[in-house]
Peer 1: 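Below is the structure I would like to discuss, written out as structure tokens.
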Amino acid sequence: MPTNRSLDLRSPTTASPLAELAPDLRAALIRVGYNADTLLAALGDDAHAALGRGEPVPVRRAAAGLGELGTLVRLLLLGDPMPEDAVAAALSPVDIGRAVTAGLLERDGDAIRAALDLRPLDLGQGTRWVFSDLDDSMRRRALDTDHVLGVGQASLSLLRATPTRATGTVLDLGTGCGVQAVHAMSYGRVVTGTDVNERALWLARASAALNEMDIEFLEGSWFEPVAGRVFDQIVANPPFVVGPARVEHTYRDSGLHLDGASELVISGIPELLAPGGTAALLASWVHIEGEDWRSRVASWLPDHGIDAWIVQRDVADPALYVGTWLRDAGLDPREEAAQARAAAWLDAFAADKVAGVGFGFVYLRAIDGPTELLAEDLTHGFDDPLGDEAIRYFERSAWLRAVATDPELILASRFEVDPATALERVYLPGAAGWEQRVARLHRGDGPRWQHEVDDTTAALLAGMRPDGLPLRELVELLAFGETGDAATPEFEAAVLGVVVGLVRHGLIHPR
């Protein structure tokens, strides 16, 4: 079967045949309705879900009555060989010979196959199309070292977790297929994508052309292509797979030992952030026996200039982690070669006393002051994306930083309880009947934070109003109600500690 591995890898100043095909291909996709909304409606919920599970038969059956759209579904999403005349009709005005030469299609006897993955994706601003290499979701295939991953769960997670307030310059570090850079064009004035994989840049440039976007793409390792430059926002989905120092697939393996890729990116990004600039990235870190993972990640940050929010979403045990990534490479854990790889990987983990591998989001903001870090677990489920929450987190952090040196500023402030905050009291049966065991404050949106509180804190929040008493007077009332006397410095300090924690998590707001 023909391969396109050596096609179209041109210099940045020369459009590749694939990018040159973009205007006709875009016209065909629009004409046929090959977009996210139409596909969902045409396939139906069940077939669309089967597509996500990698089950081709239900999708093929649903596509049978969809005409030219069905032809593209089978060609581009299922990888089926299709009659050339049907493909020519569905892709008109694209010339099939040009599409084969460009590396989009390939001949399979008298039939035509897709040589690339081309998927519609709604990123919140309408459909965007993204090129990538074919994966093994619909057909078993081996992945080459320079394989360019499509829009998988990690990419989607970062898309949902990226702040999208309008900004100036954006860097997509390790752009891969270019999906983060394409997304960044919705909020960034100027977007730059970098990658060490020449093939990835070929596909990313073609994706930009297909979406009629002007994006700068630069080839090079890590930060080298943008040395000396700064950006208002940086996004990164680096090759963060934790393991021995090797490169089997450039999209996931950094060649650095254990979590060295995460360390390199997190420690290097601060120098590329403009004042007030923000970074959002995915990362992994090892949990070493007897060590706190928070201290490990904190050691990667400079002493000055960064406000960091680290969100751990999951922790995998070594065996589960290794098995997951072996399957990602298309290996069957039952085969001897895969078992040998797993044994070597787990031996390496054991030698370094790796007890688990954490995964999550890292948000950084450039500030003028000592570095601050909040690293926390958010392993519970929640639906709201973290992108907007990250911006609000940094705004709350900035307020706390501004009042940190003078508690009087906090005491003079008025506060209000966020509308999404609820108080829950848990009662359990006891010797005297129902007894309150715990009271919790819940945030009903965003990360769904919870804080256990006592009756004094509940009473404090009950008195908070935007036009009500300042915190100092509320503290005095609470102290008098409990002791009949004025607030002691210890009581005041305890209240301030509670207020700072609730502000940081957005359960209450200063007014």
Side-chain angles (χ1 to χ4, degrees), residues 124 158-175 180-181 183-194 215-216 218 222-223 225-238 262 264-283 297-298 300-311 360-376 384-406 409-410 413 446-447 500 503-506 509-511:
L158 183 56
L159 289 169
R160 289 192 290 263
T162 298
T164 56
R165 286 191 185 178
T167 190
T169 53
V170 180
L171 170 64
D172 176 17
L173 181 71
T175 192
Q180 306 296 336
H183 182 229
M185 287 296 293
S186 65
Y187 60 85
R189 180 173 49 83
V190 178
V191 177
T192 299
T194 66
I215 301 174
E216 176 189 37
L218 303 174
W222 301 112
F223 305 112
V226 291
R229 296 170 60 177
V230 294
F231 298 85
D232 298 307
Q233 184 154 317
I234 298 173
V235 295
N237 181 10
S262 295
L264 187 151
V265 173
I266 292 171
S267 63
I269 277 180
E271 294 185 5
L272 274 71
L273 285 176
T278 301
L281 58 142
L282 296 177
V297 177
W300 301 342
L301 294 169
D303 293 331
H304 189 92
I306 289 295
D307 190 359
W309 181 33
I310 316 294
V311 178
F361 303 107
V362 175
Y363 294 99
L364 307 175
R365 171 158 287 188
I367 62 172
D368 183 14
T371 288
E372 299 180 4
L373 168 68
L374 175 63
E376 55 189 341
D384 297 345
L386 287 179
D388 291 340
E389 180 66 27
I391 294 298
R392 291 193 290 268
Y393 170 84
F394 286 130
E395 291 171 346
R396 297 191 298 264
S397 184
W399 185 85
L400 291 171
R401 196 159 49 249
V403 301
T405 57
D406 188 358
L409 294 175
I410 302 180
S413 298
V500 166
V503 168
R504 190 173 296 280
H505 279 165
H509 306 287
R511 293 301 177 193

Peer 1: Kindly check if the number of other-residue, nucleotide or ligand heavy atoms within 6.0 Å of CD (Glu395) is above 12?
Peer 2: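 Yes, enclosed.
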Peer 1: Sequence neighbours excluded, which residues qualify as ring-ring contact (aromatic ring centres under 6.0 Å, His included) partners of Tyr363?
Peer 2: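 Expected list: Trp309.
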Peer 1: I need the His304 NE2 to Glu372 CD distance, nearest 0.5 Å.
Peer 2: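 Going from the NE2 atom of His304 to the CD atom of Glu372 covers 11.0 Å.
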Peer 1: Does Tyr393 offer a backbone N or O that forms a donor-acceptor pair with the side chain of Ser397 under 3.5 Å?
Peer 2: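 Here the side-chain-to-backbone pair does not exist.
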Peer 1: Rounded to the nearest 0.5 Å, what's the gap from CG on Leu171 to CG on Leu272? Could you check?
Peer 2: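 Rounded to the nearest 0.5 Å, the CG-CG separation comes to 6.5 Å.
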Peer 1: Can any side-chain N or O of Thr169 pair as donor or acceptor with the backbone N or O of Asp232 at less than 3.5 Å?
Peer 2: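 It does hold such a pair.
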Peer 1: What is the minimum heavy-atom distance between Thr194 and Val226, and which atoms define it?
Peer 2: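 Smallest heavy-atom distance, with atoms named: CG2-CG1, 4.1 Å.
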Peer 1: So, Thr371 and Asp303: side-chain donor and acceptor under 3.5 Å apart, yes or no?
Peer 2: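 Thr371 vs Asp303: no donor-acceptor pair found between side chains.
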Peer 1: Check Ala181 against Thr175 and note the closest heavy-atom contact, atom names and distance.
Peer 2: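 Closest heavy-atom pair between Ala181 and Thr175: CB-OG1, 3.9 Å.
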Peer 1: Keeping Arg396 on the side-chain end and Val503 on the backbone end, is there a donor-acceptor pair under 3.5 Å?
Peer 2: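 Looks like yes, one N/O pair under 3.5 Å.
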Peer 1: When you compare the side chain of His505 with that of Leu374, does any pair of heavy atoms fall below 4.5 Å?
Peer 2: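 Yes - at least one pair of side-chain heavy atoms lies under 4.5 Å apart.
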Peer 1: May I ask you to test the Leu364-Ile234 pair for a side-chain heavy-atom distance under 4.5 Å?
Peer 2: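 They are not in contact (no side-chain heavy atoms under 4.5 Å apart), so the answer is no.
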Peer 1: Taking only residues two or more places apart in sequence or in another chain, which ones pass ring-ring contact (aromatic ring centres under 6.0 Å, His included) with Phe223?
Peer 2: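 Phe223 satisfies ring-ring contact (aromatic ring centres under 6.0 Å, His included) with no residue once adjacent residues are dropped.
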Peer 1: For a 4.5 angstrom cut-off between non-hydrogen side-chain atoms, does Leu400 reach Arg504?
Peer 2: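 In short, these two side chains touch, coming nearer than 4.5 Å.
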Peer 1: Do any N or O atoms from the side chain of Gln233 and from the backbone of Pro163 form a donor-acceptor pair under 3.5 angstrom?
Peer 2: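 The answer is yes, because a donor-acceptor pair under 3.5 Å joins these two groups.
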